[in-house]
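Here the structure is laid out as structure tokens; the discussion comes afterwards.
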Amino acid sequence: MKVYKVGGAVRDKLIDYPFTDEDWVVVGAEPKELIDKGFIQVGVDFPVFLHPESKDEYALARSERKSGRGYKGFEFFTGPQVTLKQDLSRRDLTVNAMAEDCDGKIIDPYGGQDDLSKKILRHVSGAFVEDPLRVLRVARFAARYHHLGFKVADETMILMTNITNSGELEYLSPERVWLETEKALKERSPSTYLETLYKCKALTKIFPEISRVFDLASEKDKIDGKFLTLSILNYAAKLDIDACTRFAVLFSNINLGSQSIPSNMKSIDEDIEVINNLFDRLKVPNRYRNFAINFIKYKDLYHSFENLEPQIILDMLKNIGAFKKAENLEKFIYCCEAEAQIIQKNKGDNKVYGRGAWLKQVLSQIMLINNKELISEGYSGIKLGKEIDRRRKKIIAKSLR
């Protein structure tokens, strides 16, 4: 029995990139041998074991054969006769098909180190097209390493397009699509994930709502839907690492019309319906849904404070959850600022957009309202709530003046 470190830990160690998880492959062993050593079997489709102390994943070396549709349509074969090279051959990219033995020696049968040095993401073999999940994984890796100069190989992009055209993407589960997307949104360059999917025609299959915006363009207004959306996402990514914030700004221009941008605007209710349909389809967590909807509902108010009644601003603060958690307002501001800065820049205006600072100052003043003092003055129940809101509105009105 021999044990090798494999996959991302080997790849990232070679380029001095931070990593946390370590995966291992065991060659020349049967499941009973690992169980006897205290490993805990957790794999359902094929034998995967957790180390009794580190809890790292150890998988028996395996080969595979395509037997159905989608990324689950495979038969796996394990046993002492499966070699390390056979196990590595089934991996998606050459940079992921390397192993390291106990002495630190790198086993690299498919040229992963060479592709790392050339900063190329390249498929291992023609079997790449058998697994549609690889379209999303490669796009995610492109987002992860874009800032280092990595590119998807042209021939790999062709295979990704072939997978899209084959209809295999339709067999990906919503949960897996979202899992890969959420991971990509947390990467350094999340816009590269979407751009890569767009290049291989997969965006229209996975996020048709966003793909439609990408395809919109207006010579009159000098606006390119794809450029605008990705630019806002890039700006938001610099402001906040939270995938929730980054995902929300993708809907900043979901209401761009099909004839002219932005003259043919849809109503906010229609925008929210589009977002809800997408979230229902992909089973996106409610945290993402609620934040994106609040952004769409209130972003226009954010850009016109001076024309609003204090009650409207108060309602906005309540609904985005600012009084429950200041971070909710912070993230809402990130989204609005990203949109405003890019639109202003597109118009040739490089002024600093400072509405967020004003809104945070208002919130800080409101949070000084002492509920205990109000209770000691005799306020309670509904009257207490009304008095708090009255004081909140007074602060907002004073600040507006």
Side-chain angles (χ1 to χ4, degrees), residues 174 177-178 181-182 185 190-191 194 197-198 203-218 221 223-237 240 242-305 307-308 312-313 315-322 328-329 331-344 346 353 355-356:
V177 171
W178 173 246
T181 299
E182 185 177 37
L185 288 169
S191 64
L194 295 164
L197 294 179
Y198 185 74
L203 192 64
T204 187
K205 304 290 186 182
I206 297 169
F207 296 113
E209 302 86 352
I210 298 173
S211 182
R212 279 197 297 271
V213 176
F214 273 33
D215 289 333
L216 295 174
S218 169
D221 299 308
I223 294 178
D224 178 310
K226 174 171 170 285
F227 174 79
L228 189 63
T229 301
L230 294 183
S231 296
I232 294 173
L233 175 57
N234 284 333
Y235 198 99
D240 194 7
D242 190 348
C244 189
T245 304
R246 297 175 175 193
F247 194 51
V249 297
L250 291 175
F251 305 103
S252 179
N253 296 287
I254 205 74
N255 57 6
L256 293 181
S258 58
Q259 301 300 320
S260 175
I261 300 175
S263 60
N264 181 21
M265 305 291 281
K266 296 180 180 179
S267 72
I268 291 177
D269 287 342
E270 289 176 318
D271 299 337
I272 293 174
E273 183 180 359
V274 170
I275 294 172
N276 276 326
N277 288 339
L278 182 152
F279 282 19
D280 288 342
R281 186 178 72 249
L282 291 184
K283 300 181 181 179
V284 179
N286 283 334
R287 183 173 82 97
Y288 288 84
R289 181 196 299 262
N290 295 338
F291 186 81
I293 288 176
N294 282 332
F295 171 56
I296 292 297
K297 286 175 69 174
Y298 298 110
K299 68 188 184 76
D300 289 340
L301 298 183
Y302 179 90
H303 301 310
S304 56
F305 286 152
N307 301 317
L308 300 178
I312 295 177
I313 296 175
D315 290 341
M316 182 190 75
L317 290 173
K318 283 183 178 180
N319 288 322
I320 64 176
N328 292 332
L329 176 61
K331 293 182 181 302
F332 175 73
I333 290 173
Y334 285 150
C335 292
C336 295
E337 293 286 318
E339 179 189 46
Q341 292 288 0
I342 295 303
I343 290 176
Q344 283 190 178
N346 193 62
Y353 198 76
R355 294 179 185 272

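Owing to the predicted nature of the structure, the values given are computational and were not obtained by experimental measurement.
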Quiz item: Are any of the side-chain heavy atoms of Ile333 and Arg355 separated by less than 4.5 Å?
Solution: no

Quiz prompt | Spacing of CG belonging to Leu278 relative to NZ belonging to Lys283, to within rounding of 0.5 Å | solution = 14.0 Å

Quiz item: Where do Ala338 and Tyr235 come nearest, in terms of heavy atoms and distance?
Solution: CA-CD2, 3.6 Å

Quiz item: Does the side chain of Arg287 reach to within under 4.5 Å of the side chain of Asp242, using non-hydrogen atoms?
Solution: yes

Quiz item: Between Thr229 and Ser252, is any pair of side-chain heavy atoms under 4.5 Å apart?
Solution: no

Quiz prompt | Distance, nearest 0.5 Å, that separates CZ of Arg246 from NZ of Lys331 | solution = 10.0 Å

Quiz prompt | Pair Glu337-Tyr302, side-chain donor/acceptor within less than 3.5 Å | solution = yes

Self-check item: Worked check of side chain to side chain contact (heavy atoms under 4.5 Å, CB included) between Ile293 and Ile272
Solution: CA-CA 6 Å; Ile293 288 176; Ile272 293 174; 4.0 Å; yes

Self-check item: Minimum side-chain heavy-atom gap Ile313-Phe305 below 4.5 Å
Solution: yes

Quiz prompt | Glu339 CD to Leu228 CG distance, which is reported to the nearest 0.5 Å | solution = 8.0 Å

Self-check item: Contact check, side chains of Phe247 and Phe295, non-hydrogen atoms, under 4.5 Å
Solution: no

Quiz prompt | Stepwise side chain to side chain contact (heavy atoms under 4.5 Å, CB included) check, Leu317 with Phe332 | solution = CA-CA 10 Å; Leu317 290 173; Phe332 175 73; over 6 Å; no

Quiz item: Among Ile232, Leu233, Val249, whose side-chain contact (heavy atoms from CB on, under 4.5 Å) with Ile342 holds?
Solution: Ile232

Practice problem: Identify the residue among Phe279, Tyr288, Phe291 that makes a ring pair (Phe, Tyr, Trp, His ring centres under 6.0 Å) with Phe251. | Solution: Phe279

Exercise. Using atom types as modelled and distance alone, determine if a side-chain donor or acceptor of Arg281 lies under 3.5 Å from a backbone N or O of Ile206.
Key: yes

Exercise. Mind listing the closest non-hydrogen atom pair of Leu329 and Ala322 along with its distance?
Key: CB-CB, 3.9 Å

Quiz item: Rounded to the nearest 0.5 Å, how far does CZ of Phe214 lie from CG of Leu230?
Solution: 4.0 Å

Exercise. Decide whether Tyr298 and Asp315 meet the rule of one side-chain donor and one side-chain acceptor closer than 3.5 Å.
Key: no

Quiz item: Got a second to check how far Leu197's CG is from Thr181's OG1, nearest 0.5 Å?
Solution: 7.0 Å

Practice problem: Drop me the distance from Lys299's NZ to Asp271's CG, to the nearest 0.5 angstrom. | Solution: 8.0 Å

Exercise. Verify, without hydrogens or angle tests, whether Asn294 (side chain) and Asn319 (backbone) share a donor-acceptor contact under 3.5 angstrom.
Key: yes

